[in-house]
Structure formats: structure tokens, C-alpha cells
Protein chains: 2
Amino acid sequence: MTKEISEKKERLKTFMKQKGFKSTRQRDIIASEFLNCEDHVTAEELYKKVSRRHKDIGSTTVYRTLKLLAESGLATARVFADQLTRYEPVSEDEHHDHLICLDCGSIIEFEDPKLERLQERIASDFRFHIVDHKVEFYGYCWDCKK
Amino acid sequence: MTKEISEKKERLKTFMKQKGFKSTRQRDIIASEFLNCEDHVTAEELYKKVSRRHKDIGSTTVYRTLKLLAESGLATARVFADQLTRYEPVSEDEHHDHLICLDCGSIIEFEDPKLERLQERIASDFRFHIVDHKVEFYGYCWDCKK
DNA sequence: AAGGAAATTGAAATTCATTTTCAATATAAA
DNA sequence: TTTATATTGAAAATGAATTTCAATTTCCTT
Ligand SMILES: [Mn+2]
Ligand SMILES: [Mn+2]
Ligand SMILES: [Zn+2]
Ligand SMILES: [Zn+2]
């Protein structure tokens, strides 16, 4: 377990204590498995991974723990075109958007300051106060285009 | 019924004939109701509108007809944060994105050439071939901010 | 017009991800 | 320990959307 991950688990513990939530074996296992897979996983996908070695952990608990991770700020929930709720670990206050391949499903992450600034300009045009945004580009990655 | 709407209904007829689909009273009523409400409606919402005056039309048919309208190019399906599939009439090849108020739910449409160009630049950075995109800004509209 | 193949309809059943319920169990503070 | 409270997993419930199916329509073809 890397330093980053154990530090995150520490943050989770703090969050739970502060909120009056209890630390459990299940939450610990699920959080570890989640933080180790740097993917955009669904609850079911993570449940499959977890239950390979822990057949006693139910999928309901995985759904619940992912929600908890999101509340604690360690995970973000994302919904792409397939309408499944996916979670990804959050690293620092970094924000990014996604390029999604319609063929192989691969997801490329990108960050673009121009895009962020453009958003501000558009918002002010409409006197709108933006608190969040969703930018997804769908198409074909280099490999699939060939 | 405006000229634009009757012209659209004509296009739908052409599309249906060409595909071997049949014209029915239900489809006609549902399409009219849809084209008249310049909104981002869900199937259930449209079903409620339709069934006010046509209690014999079932919701299944509304779901099916909206799909048909999307296939014919007269409607586009959109999914915002509430995860419901919404449809909106398509006018010409015009493309637009959305600002969505988290308080009152109002939707502001906008078009930004800079955004479209930026997308191209980002795509080429990743050698990605974009065919579609989704840009949604969430926040608070002027009225709700007050 | 009438006949008939093929498409459409509405109700009910089904799907599928996610949430809720609930009795049994685990946690942690005293 | 004791005890109050939170958590768990199985099963049931939810809710949007789709599928199934028998009855009805549509629209060619005679
Ligand atoms: Mn990501
Ligand atoms: Mn719109
Ligand atoms: Zn690909
Ligand atoms: Zn508002």
C-alpha cells in the first residue's frame, strides 16, 4: 500500500469519526480495493473485484461505501453515456474532463485551463453562477480509428 | 399549427414511409404535442400532456414515438444530472449546449463557437476523433441567486 | 371495396441499476 | 462488560425504460 493510499485511508477514518460513522472490516476492504484501482469503476465492477477474495461482502455494502467515499471527498461520482454511476479516486483539488472512445470504451482524462476560463465567460454572459460542469467528448481513440 | 411544425410533420411522414413505418393517429397526436412544446421533456411528462385529451394513448407509445422522432432526426435525446432521458425538437443543423439551474431547474441554451473550436484542439492533442460532445454547466440562474 | 400480410398498440410483465427495509450483528464509548 | 447506535447482507422495493403478446390498424394487392 503506497503512502498516498494509506494517507487517504487516514483521511477517511478522520471523516468517519467526525461524522459518527463506524470503521468496519468491510469498509476498509472496499476502500482499499477502490483506491488501488485507478479506474472509473461502477459499484458492480468493484463488487466483483472485492468478492473474489471476500465472498462475505455484499454488493449493497459496496454501493453504500462508494457513496460514503464520495461524501468524504475521496471519490467523485461520474455518469457517462452508458448511464452507469462510476467512481474515481480524487487526487487533490485537481479537476479534469474526459474523452471517451465509443469503440473500446477507453477514457482519456484531460485538463484545459482555456476551457475553464471559457466557462466563466459564458456564465457571465448569462449572469449565471456556475458551481459545476460536465464536459465529455465522445469519439474514437487513435487505436480504434485505425 | 405553424408552418415550421407542419413542415416537420411532413418530414416525419417521409421518413416513416421510407422506412416502412406506418402513420397512426397516436403518432400524429404525440408528434404534434411534442413539436408544440419547446421544452426538454421526458417521456412521462409528454405522456401526461398527451393523455389529458387522449386518455386512450398509452405511455409505452409515447416512449416509442419519442425514440422514433429521435431516429428521424426531428428530436434529440439529452440526459442531464437527474438521469432522465429528455427530448427536444431539433431545428436545422443548429447545435447548442446547456446551463442548468440547480435550484429552479430552468435550462438556458447557448452556442459558443470558441467552445467548438477548443474541442477540436483538445481532440487533436490526443489524436482523438470526436463525433459528439456533451457540455453542461450547473449552477444558479440570476433569479435564484438572489 | 375486400382481403391479408405486416406493423402498431396498450397492458402487463420484465429488466436493470440502485435504494430501502429489516432482523441479526458489529462497533465503540462509558 | 454493558449498552446504545451504526452497519451489514438478503430480500424486497423502486422507477425509468424496454419487451412481450394478443388484439387491432394500416396500407398494399387484388
Ligand atoms: Mn476521470
Ligand atoms: Mn436544448
Ligand atoms: Zn478506442
Ligand atoms: Zn434558477
Side-chain angles (χ1 to χ4, degrees), chain A residues 9 12-34 40-72 75-87, chain B residues 9 12-34 40-72 75-87:
Chain A
K9 293 183 70 174
L12 180 60
K13 272 222 171 89
T14 308
F15 170 82
M16 291 202 294
K17 181 155 287 175
Q18 191 230 314
K19 289 275 186 175
F21 297 146
K22 291 173 177 172
S23 292
T24 66
R25 185 181 58 90
Q26 290 88 328
R27 283 176 173 166
D28 193 65
I29 290 165
I30 295 166
S32 296
E33 193 76 47
F34 171 72
H40 299 82
V41 284
T42 63
E44 292 296 335
E45 282 164 7
L46 188 62
Y47 167 63
K48 264 177 205 144
K49 282 176 195 254
V50 164
S51 58
R52 274 207 288 274
R53 288 195 287 153
H54 303 276
K55 301 204 191 34
D56 60 312
I57 295 182
S59 65
T60 312
T61 304
V62 176
Y63 275 96
R64 286 193 278 230
T65 304
L66 283 172
K67 272 196 145 180
L68 184 74
L69 286 163
E71 281 166 41
S72 78
T76 348
R78 305 260 192 191
V79 181
F80 300 132
D82 63 7
Q83 306 265 79
L84 300 178
T85 303
R86 293 170 184 281
Y87 292 87
Chain B
K9 293 184 70 175
L12 179 60
K13 272 223 171 87
T14 309
F15 170 82
M16 291 202 294
K17 182 155 286 177
Q18 191 229 315
K19 290 275 187 177
F21 297 145
K22 291 172 178 172
S23 293
T24 66
R25 185 181 59 92
Q26 290 89 329
R27 282 175 175 168
D28 193 66
I29 290 165
I30 295 165
S32 297
E33 193 76 47
F34 170 71
H40 298 82
V41 285
T42 63
E44 292 296 336
E45 282 164 5
L46 188 62
Y47 166 62
K48 264 176 205 144
K49 282 177 194 255
V50 164
S51 57
R52 274 207 289 272
R53 287 196 287 153
H54 303 277
K55 301 206 190 33
D56 59 312
I57 295 183
S59 65
T60 313
T61 305
V62 176
Y63 274 95
R64 287 193 278 230
T65 304
L66 283 171
K67 271 197 145 179
L68 183 74
L69 285 163
E71 281 166 41
S72 78
T76 350
R78 306 260 190 191
V79 180
F80 300 131
D82 63 6
Q83 305 265 79
L84 300 178
T85 302
R86 294 170 183 281
Y87 292 87

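Each chain gets a letter, A, B and so on, in the order the sequences are listed, and its residues count up from 1. On a predicted model such as this, the values are computed, not experimentally measured, just so you know.
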Inset, instruction - Side-chain contact test, heavy atoms from C-beta onward, threshold under 4.5 Å: evaluate it for B:Leu46 versus B:Glu33 and give yes or no. - result: yes
Legend entry - pair A:Tyr63-A:Tyr47: side-chain heavy atoms closer than 4.5 Å: no
Legend entry - Under 4.0 angstrom between A:Arg27 side-chain N/O and D:dT8 OP1 or OP2: yes
Rounded to the nearest Å, what distance is computed from the [atom1] atom of residue [X] to the [atom2] atom of nucleotide [N]?
{"X": "A:Lys55", "N": "D:dT8", "atom1": "NZ", "atom2": "C1'", "result": "19 Å"}
{"X": "B:Asp82", "N": "C:dT18", "atom1": "CG", "atom2": "C1'", "result": "16 Å"}
{"X": "B:Asp28", "N": "C:dA7", "atom1": "CG", "atom2": "P", "result": "21 Å"}
{"X": "B:Ile29", "N": "C:dT8", "atom1": "CD1", "atom2": "P", "result": "16 Å"}
{"X": "A:Lys19", "N": "D:dT7", "atom1": "NZ", "atom2": "P", "result": "13 Å"}
{"X": "B:Gln18", "N": "C:dA7", "atom1": "CD", "atom2": "P", "result": "15 Å"}
{"X": "A:Tyr47", "N": "C:dT19", "atom1": "OH", "atom2": "P", "result": "17 Å"}
{"X": "A:Leu68", "N": "D:dA6", "atom1": "CG", "atom2": "P", "result": "14 Å"}

Inset, instruction - May I ask you to decide if the ring planes of B:Phe34 and B:Tyr87 are parallel, tilted or perpendicular, using 30° and 60° as cut-offs? - result: perpendicular
Inset, instruction - Using only heavy-atom distances, determine whether the side chains of B:Ser32 and B:Lys9 contain a donor-acceptor pair under 3.5 Å. - result: yes
Legend entry - Heavy-atom donor-acceptor pair, A:Arg64 side chain to A:Arg27 backbone, under 3.5 Å: no
Legend entry - B/S/- contact track for nucleotides 17-30 of chain D, protein heavy atom under 4.0 Å: BBBB-----BS---
Inset, instruction - Before giving the answer on side-chain contact (heavy atoms from CB on, under 4.5 Å), spell out for B:Val50 and B:Gln26 the whole-Å C-alpha distance, their side-chain angles and the decisive distance to 0.1 Å. - result: CA-CA 10 Å; B:Val50 164; B:Gln26 290 89 329; over 6 Å; no
